[in-house]
K.L.:
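I'd like to ask some things about the structure below.
The basis for the numbers below is simple: all heavy atoms, side chains too, and nothing from hydrogens, waters or symmetry mates. Note that the numbering runs from 1 along the sequence shown for the chain.
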Amino acid sequence: MNMTSFLIYCIIATFTPGPTNIVIMSTVQQYGTKRAIQYTYGATIGFALLLLLSAILNSVLTTILPKILIVMQIIGSLYMVYLAYLICMKKSSDAGPRQLATFWSGLLMQFLNPKVVLFTLTVIPTFIMPYNNSAAVMMFGIMVITLVGFAAFMTWVIFGTLFKAFLQKHQKLVNLIMGICLMYAAFMIWI
């Protein structure tokens, strides 16, 4: 497994603006850090549950249909290219919806967030399963991905206002760098 590509993909997918991160930043601004942290805990648990469900689903699929792994790798790399395109083309950081941020809304958001669902369905078959299909390695991967996700969520909590200002000020450059890194990760899964 190319650990560099794996970590780049995880970092870009979790740290870049998406529905969860935007809601976290908005929650910090509207309701304060305590509420944002409650929401973050729920989002982290939901993220871990989705990763676990994805690992189980992907393991069953590759056992039943071993050739599906290459299809999942193709879908995963195409999704990364698509994300890179969206990041490079992003014009503005829209404010998140006004909602009461709770642990449960954070958990539920992960199951309704297409970015997270697609990420969890592609990261394990793309970066872990082709190299080691053991339960221990997959659980370790899930823990690493969850920790990266939690770090991303907490970054948005702690630096919400500053991060938003930085993104708006240097948005084109930041988006270009993130897009290039994501393209690199998509390319490296085939090497």
K.L.:
Determine, stepwise, if the pair Val123 / Cys10 fulfils side chain to side chain contact (heavy atoms under 4.5 Å, CB included).
P.N.:
CA-CA 8 Å; Val123 69; Cys10 291; 4.0 Å; yes

K.L.:
Would you say the ring centers of Tyr9 and Phe127 fall short of 6.0 Å from each other?
P.N.:
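Ring centres of Phe127 and Tyr9 closer than 6.0 Å.
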
K.L.:
Just how far is it from atom CG of Asn21 to atom OG1 of Thr14, taken to the nearest 0.5 Å?
P.N.:
7.5 Å

K.L.:
Could you give the distance from CH2 (Trp156) to OG1 (Thr16), rounded to the nearest 0.5 Å?
P.N.:
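The OG1 atom of Thr16 is 8.0 Å from CH2 of Trp156, to the nearest 0.5 Å.
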
K.L.:
Could you walk me through whether Leu121 and Leu57 pass the side chain to side chain contact (heavy atoms under 4.5 Å, CB included) test, one step at a time?
P.N.:
CA-CA 9 Å; Leu121 288 174; Leu57 173 67; 4.0 Å; yes

K.L.:
If you measure from CG on Leu108 to CZ on Phe103, what distance do you get to the nearest 0.5 Å?
P.N.:
11.5 Å

K.L.:
What distance do Phe150 atom CZ and Thr155 atom OG1 have between them, rounded to the nearest 0.5 Å?
P.N.:
9.5 Å

K.L.:
When rounded to the nearest 0.5 angstrom, what is the spacing between CD1 in Ile145 and CZ in Phe119?
P.N.:
5.0 Å

K.L.:
Within the structure provided, determine whether Thr33 and Thr27 are in side-chain contact (heavy-atom separation under 4.5 Å).
P.N.:
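Side chain of Thr33 against side chain of Thr27, heavy atoms only: no contact under 4.5 Å found.
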
K.L.:
According to a 4.5 Å side-chain heavy-atom criterion applied to Ile, Leu, Val, Met, Phe, Trp and Tyr, with indirect links allowed, do Met3 and Leu147 form part of one hydrophobic cluster?
P.N.:
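Looking at the clustering, Leu147 is in a separate group from Met3.
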
K.L.:
Can you name the closest pair of heavy atoms from Pro130 and Pro125 and give their distance?
P.N.:
CD-O, 3.1 Å

K.L.:
Calculate, to the nearest 0.5 Å, the distance between atoms CD and OG1 belonging to Gln110 and Thr20 respectively.
P.N.:
3.5 Å

K.L.:
Looking only at heavy atoms, which two atoms of Phe15 and Ala151 are closest? And how far apart?
P.N.:
CZ-C, 3.9 Å

K.L.:
Lys172 and Leu176: side chain to side chain contact (heavy atoms under 4.5 Å, CB included), yes or no, with the steps?
P.N.:
CA-CA 6 Å; Lys172 287 183 181 180; Leu176 180 64; over 6 Å; no

K.L.:
Within a strict 4.5 Å, meaning less than it, do heavy atoms of the Leu53 and Phe111 side chains meet?
P.N.:
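Yes. Closest side-chain heavy atoms under 4.5 Å.
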
K.L.:
Using the test side chain to side chain contact (heavy atoms under 4.5 Å, CB included), find all partners of Thr120 that sit at least two apart in sequence or belong to another chain.
P.N.:
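Listed in chain order: Phe47, Leu50, Leu51, Ser54, Val116.
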
K.L.:
Sequence neighbours left out, cut at 3.5 Å: what donor-acceptor pairs do the side chains of residues 134-142 make with other protein atoms?
P.N.:
unit_1: Ser134; atom_1: OG; unit_2: Asn132; atom_2: OD1; d: 3.1
unit_1: Ser134; atom_1: OG; unit_2: Val137; atom_2: N; d: 3.2

K.L.:
Kindly indicate, with the supporting measurements, whether the criterion side chain to side chain contact (heavy atoms under 4.5 Å, CB included) is fulfilled by Ile37 and Met154.
P.N.:
CA-CA 7 Å; Ile37 289 173; Met154 289 305 292; 4.2 Å; yes

